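Reckoned from all heavy atoms, side chains included, excluding hydrogens, waters and symmetry mates. The structure displayed is predicted, hence computed values, not measured ones. The sequence lines fix the lettering, A, B, ..., with proteins before strands; numbering per chain opens at 1.
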Amino acid sequence: MAQKPSIPKGTRDFSPVETARRNYIFDTIREVFRLYGFMPIETPAMENLSTLMGKYGEEGDKLLFKILNSGDYLAKADRALIEAGDTGRLAAQLCEKGLRYDLTVPFARYVVQHRNDLQFPFKRFQIQPVWRADRPQKGRYREFYQCDADVVGSDSLLNEIELLQLIDEVFSRLDIRIAIKVNNRKVLAGIAEIIGHPDKIIDITVAIDKLDKIGIENVNAEFAERGLTADAIERLQPILAISGSTDDRLSALSTLLVDSEVGMKGVEELYTVLHGTRALGLRADLDLDVSLARGLNYYTGTIIEVKALDVVIGSITGGGRYDNLTGVFGMPGISGVGISFGADRIYDVLTALDLFPEETAKATTVMFANLGHDEAVVAMRSLKEMRAAGIAAEIYPDEAKMKKQMSWADSRSIPYVAIIGESELAEGKLTLKNMATGEQLLVDTTGAINVILNK
RNA sequence: GUGAGUUUAGCUCAGUUGGUUAGAGCGUCGGAUUGUGGUUCCGAAGGUCGUGGGUUCGACCCCCACACCUCACCCCA
C-alpha cells in the first residue's frame, strides 16, 4: 500500500454514527437555546488577525492558527527578520488572517460592527467549530465545536439566573449529572484588594484555581513564586479555609471582604444569582466555589463552570459576565454574559456513560432487497409510498445475493427488510421481515406501512 | 512551549540472545446454504515491521536522527 493518508493532529473524522450522535447534542442544545429566546448567527472561520491578537493573553496568542497570505508574500517581507529568525514579527508580516479561537471575541466584533442593526439587549447563539494550536490530549482537540449563547447590553442578573437554568435544562435532556460551580470575579478582585495586592488579581486567581488539584501547600508555594508577600499569603488563609453551607460561606466572605467595595458587590451578586436560581428548582448541583477562577481574563462578574459528575474530563461548559469586551473594538459600556457548551467533551461524556439514544445508531427503517430488474421497478413504487408516509427507506442498489443484502442490512441495524421477488410480484405484495424477531409477513405496501408505524 | 511513553495486517496486539518464508484474534472477502442476516464450520486475501541513516555475515529486535500517536504539565472547552 502507498503512504497512508492522514489528517492533522488534534482533528478527527466523524463516521455516520458519530455524526448522528453529535447532531443529537447540537440539536438538543439548539432547541434549548431557542426556548430561551436566543437567535442563531454565524461568523467566518477566519478573522483578521488584528481582531484575535491580544484577546486571549500571551498564551492564547501562541495558540492562534495563522493563515499565510496569498500571493508573493515573501517579497514584501522584511529580509532582516528572516535572517534574525524572528518568527513572531515575520508571522505578523506574512499573515493577516487567523482561524477563530473561540466564538466570544468574533461575536464581540460582530456586535460592534453591526451595532446599528441590533436591538439591545441582543441575545444570540452560535454553534460553530473553533481552532487552537494546542498540543492535543485527553478531551483536548485542535478543532472542536463550541455552542455559545450570550446576552449583550443588559446588566441584569436575571440573565445569569436564566443561563444557569438553561444549563440545567440542557444537561437534564442529555441525562448527564453535573455540578455547576459559580463564583464572581469581583469577589476575587476584593480578595486581591484586601490582602494588599490589587495588581496581582490574575496571579492570585490562577493559583487559587488549582486549589482542588494541588492542595493548599502547593498553592501557597505558587503564591510566593508569583510575587506575593508572606503577609499577603497569611491573610489569604482564612479566605481559602472558608467552609460550610453556601450561605455560611457567603456571610463569611462578606465579613472578610467588608473593607472592599468591589468585593462586597461580588458577594451580593453571588447571593442574588445563587438564591434566584435555586428558588426556581434545579436538577444539577449548584454551588459557590471561591477557588473557581477560569483562565479567560475578560470575565468581570459572575463566573460559571460545569463539570460532569460521573466522568473525569475537563469542564464541559463554562461562561460568565464580561463588562467591557466590546471596549477593545471601540464600543465601551456594553455588558455581556454568556455560556459555552463544549460539544466534543459532552460527546466524550455521553460515550463514556453510554447515554446516546438508540435512534442515533440507526440508518434507514426499511431496506428493500433487490432481486432483479422487474422486482426493483415495483419496489421503487413501494419505496415512494413509504417515504411519503415519512418512513426512511432505501433499496439495495445492486442485484446481489440475498445473503449479502441481508447482512448489509443487519450490519447497519436496519430494523425491517422488504422482499419483493417472483412470488410477491405475482401477488402484488411484499414480504416484510422484522430483523429483530425474524418474523415475516406477506402484506401489501399499505399493510407494511401500518406495521412499521404501529410497531 | 516542557516532560514521559508508544509506533508490527483494516482494528487490537504477540514476536525468544540478532538467525530461513513475521504470527494470532477480530474484521473483510469467498464457500458450506442459487430467496434470508445476527450463531457454526471450511478457505482466502491482506504487512517496503512509522521514515531515513548506522552497526553486523545477517536487524522487527541494537545505536542515532526525524515524524506520528498517546498521556501529563502549562493553558483551556
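- Computed from coordinates, the Glu399(A) CD to U34(B) C1' distance equals 12 Å when rounded to whole Å.
- Contacts of Val206(A) with the nucleic acid, taken as non-hydrogen atoms under 4.0 Å apart, involve only primed sugar atoms and P, OP1 or OP2.
- Between the side chain of Thr229(A) and the backbone N or O of Ala232(A) there is at least one donor-acceptor pair closer than 3.5 Å.
- With a 4.5 Å cut-off on side-chain heavy atoms, Arg345(A) and Ile316(A) count as touching.
- Within residues 373-385 of chain A, no residue is approached by RNA chain B to less than 4.0 Å at the level of any non-hydrogen atom.
- Residues Phe14(A) and Arg12(A) are in side-chain contact: their nearest non-hydrogen atoms beyond the backbone lie under 4.5 Å apart.
- Remark: P of A72(B) and CD1 of Ile313(A) are 10 Å apart, rounded to the nearest angstrom.
- The CG-C1' distance, from Asp13(A) to G10(B), rounds to 15 Å in whole Å.
- Considering only side-chain N and O atoms, Gln137(A) lies under 4.0 angstrom from the phosphate OP1 or OP2 of A72(B).
- What separates CG of Asp134(A) from P of A72(B) is a distance of 13 Å, to the nearest Å.
- Checking Lys66(A), Arg109(A), Arg100(A) one by one against Glu47(A), the salt bridge (Lys or Arg N to Asp or Glu O under 4.0 Å) holds for a single residue, Arg109(A).
- Donor-acceptor pairing under 3.5 Å, judged by distance alone, is absent between the side chain of Arg135(A) and the base of C73(B).
- On the P atoms, C49(B) is 13 Å away from U21(B), given to the nearest whole Å.
- For the C1' atoms, the distance linking A9(B) with C63(B) amounts to 28 Å, nearest Å.
- Between the OH atom of Tyr145(A) and the P atom of A77(B) there is a distance of 18 Å, given to the nearest Å.
- Straight-line distance from the NZ atom of Lys9(A) to the C1' atom of C68(B): 8 Å, rounded to whole Å.
- Remark: Glu269(A) does not engage Arg185(A) in a salt bridge, criterion side-chain N to carboxylate O under 4.0 Å.
- Taking the charged nitrogens against the carboxylate oxygens, Asp27(A) and Arg30(A) do have a contact shorter than 4.0 Å, which makes a salt bridge.
- Contact annotation: Lys401(A) side-chain N/O to U36(B) OP1/OP2 distance is not under 4.0 Å.
- Of all nucleotides listed (C76(B), U36(B), G37(B)), G37(B) comes nearest to the side chain of Asp410(A).
- Checked against C71(B), A77(B), G37(B), the side chain of Lys138(A) finds its nearest nucleotide in C71(B).
- Rounded to an integer number of Å, the gap from Lys62(A) NZ to C73(B) C1' is 13 Å.
- Between A65(B) and A72(B), the two C1' atoms lie 25 Å apart (nearest whole Å).
- With C1' as the reference atom, A59(B) and U12(B) are 26 Å apart, rounded to whole Å.
- Nucleic acid contact class of Ser423(A) (heavy atoms, under 4.0 Å, all strands): base.
- The residue Lys307(A) sits apart from the nucleic acid: no heavy atom pair falls under 4.0 Å.
- Using a 4.0 Å heavy-atom cutoff across all strands shown, Ala418(A) reaches no nucleic acid atom at all.
- A donor-acceptor distance shorter than 3.5 angstrom exists from the side chain of Gln405(A) to the backbone of Asn370(A), with no hydrogens or angles considered.
- Among the heavy atoms of the strands lying under 4.0 Å from Ile316(A) are primed sugar atoms or P, OP1, OP2 only; no base atom is included.
- Within 4.0 Å (heavy atoms only), Gly438(A) reaches at least one base atom of the nucleic acid.
- Listed nucleotides C69(B), U36(B), C76(B) differ in distance to Lys433(A); the shortest reach to its side chain belongs to U36(B).
- Within the 4.0 angstrom heavy-atom criterion, base atoms lie near Glu424(A).
- Across the C1' atoms, G50(B) and C69(B) are found 10 Å apart, a figure rounded to whole Å.
- Stacking between Phe144(A) and the base of A77(B) is present: ring centres sit under 5.5 Å apart and the planes differ by under 30 degrees.
- Between G54(B) and U17(B), the two P atoms lie 27 Å apart (nearest whole Å).
- In this structure, the NZ atom of Lys404(A) is 20 Å from the P atom of U33(B), given to the nearest Å.
- Comment: Glu222(A) engages Lys210(A) in a salt bridge, judged by a side-chain N to carboxylate O separation of less than 4.0 angstrom.
- Residue contacts for Ser407(A): at a heavy-atom cut-off of 4.0 Å it reaches the sugar-phosphate backbone alone, with no base atom in range.
- A distance-only check finds no donor-acceptor pair linking the side chain of Asp61(A) to the backbone of Met53(A) [under 3.5 Å].
- Using C1' as the reference atom, G23(B) and U70(B) are 26 Å apart when rounded to the nearest Å.
- Nucleotides C73(B) and C13(B), compared at atom P, are 23 Å apart to the nearest Å.
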